[in-house]
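One structure below.
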Amino acid sequence: MPFDPTPEFMSIICDLNRNPARIDPKYFYDDHGSALFEQITRLPEYYLTRTELTILDKYGSQINHVIGQGVSLIELGAGNCEKSRALCKHIRPVHFVAIDVAEEFVSEGVRSLESLHPRLVCHAVAADLAKPIELPAGIPSSKRIVFYPGSSIGNFDPESSRALLERCHALLGAEDWLLLGVDLVKDPEILEAAYNDKKGVTAQFNKNVLIHINRLIGSDFDPDQWRHVAFYNAVDSRMEMHLEAKSDTVVSWPSGKRKFHMGEGIHTENSYKFTLKTLKDRLRQAGFQHTNVWMDEHQWYALTLSRA
Ligand code: AVJ
């Protein structure tokens with residue numbers, strides 16, 4: 001691979017050279033990573049997706065009642081669009097926009113929604129949510145509902161999540177809504193089990209980021225040289241995932257290299273967990289008000305609907 005200092009290349013390398021090194025969790029989602037994540041969502045330990053779908057099914061008609069008819073549904077981090085498929089059983093949007101970093105994956109998800117709802121006007125957009133959100137032409141400017149499910153907002157640190165919610169708010173007018181799904185603070189044992197599944201799918205998902213990075217920057221990470229580590233950080237209310245070097249290793253790329261000592265880690269993900277208070281405060285700071293909250297019976301997960 002020729003040396004190609006694109007901004008993306010530069011930012012990946014800059015992160016690899018930090019102490020400790022880190023990789024942005026958006027790089028989990030190449031096609032294989034998106035498929036692995038889909039497998040994670042079906043694991044017994046990973047309660048998040050299942051619980052959110054249960055809440056959507058149970059309270060979908062209430063959501064429909066609150067938002068009314070003729071809405072444009074905009075799903076962020078849509079992936080396979082499974083959540084919007086569940087929501088569309090209860091609300092009948094006119095337009096649907098799916099936004100995700102994984103281009104192939106999201107277009108497939110959109111096609112599945114199109115075949116279920118032939119009269120729904122659908123769009124797939126490949127975009128990085130850390131940047132300003134641009135909608136395709138032709139989406140009506142009123143009665144929009146931004147749907148950000150899966151606790152994906154948990155990947156952003158408090159400052160960036162506030163900024164992301166503000167960007168969402170900027171897409172919306174006074175008649176519009178934000179429907180947000182977030183994982184709640186709970187017994188660390190339950191949290192840690194969800195990110196250390198017995199089948200090792202999460203470990204594969206974590207290591208796959210190295211293969212994706214190899215492809216993006218021409219590095220020579222050997223995924224077998226790294227150990228999957230996931231734990232709850234109670235001080236910051238977040239699950240953390242790391243990759244730890246099993247022995248001393250040198251990783252090279254076209255313009256440089258880095259030595260990692262045995263046990264040295266690369267921080268690959270934060271997954272923040274919320275309390276209802278931190279969640280409502282965050283929403284209010286971003287300009288959202290009148291938040292409705294629905295939860296599962298264990299109060300493990302919350303779905304919130306806020307007025308823009
Ligand atoms: C898609 C970011 C919500 O943090 O739980 C799953 C990703 N990481 N297992 C999460 C993930 C490890 C997931 N999010």
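When a residue number appears, it is its place in the shown sequence, counting from 1. Remember, it's 1-based here, ligands and their atoms both numbered in the order they're listed.
- Among protein heavy atoms, atom 4 (O) of ligand 1 sits closest to Ser271 OG, 2.6 Å.
- Relative ring orientation between Tyr59 and Trp294 is described as parallel, the plane-to-plane angle staying below 30° on a 0-90° scale split at 30° and 60°.
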Note to self: Between Lys83 and Glu75, is the salt bridge (charged side-chain N to carboxylate O under 4.0 Å, His left out) condition met? List the steps.
What the structure shows: CA-CA 9 Å; Lys83 310 292 174 52; Glu75 183 179 357; over 6 Å; no

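- Shown here for Leu73 and Ser84, the closest heavy-atom pair between the two residues is CD2-OG, 3.7 Å.
- The closest approach between any non-hydrogen atom of Ser151 and ligand 1 is below 4.0 Å.
- Here the protein heavy atom with the shortest distance to atom 7 (C) of ligand 1 is Glu269 OE2, 3.4 Å.
- Among the atoms of Tyr195, some N or O lies under 3.5 angstrom from an N or O of ligand 1.
- Under 4.0 angstrom from ligand 1, there are no non-hydrogen atoms of Met239.
- For His169 and Phe288, the gap between ring centers is short of 6.0 Å.
- Heavy-atom proximity to Asn155, at under 4.0 Å, picks out these atoms of ligand 1: 2 (C).
- Taking the six-membered ring for Trp and the full ring otherwise, the centers of His298 and Tyr47 sit at least 6.0 Å from each other.
- Just one of Arg22, His267, His228 meets the side chain to side chain contact (heavy atoms under 4.5 Å, CB included) condition when paired with His242; it is His267.
- Residue-ligand proximity, Met241 to ligand 1, at heavy-atom distances under 4.0 Å covers atoms 8 (N), 12 (C).
- The residue from Phe28, Tyr272, Tyr46 that puts a heavy atom closest to atom 6 (C) of ligand 1 is Tyr46.
- In terms of polar-atom proximity, defined here as any N/O pair under 3.5 Å, Tyr29 makes no such contact with ligand 1.
- You'll find the side chain of Phe274 stays beyond 4.5 Å of the side chain of Ser237, heavy atoms only.
- The protein non-hydrogen atom at the shortest distance from atom 3 (C) of ligand 1 is Gly150 O, 2.9 Å.
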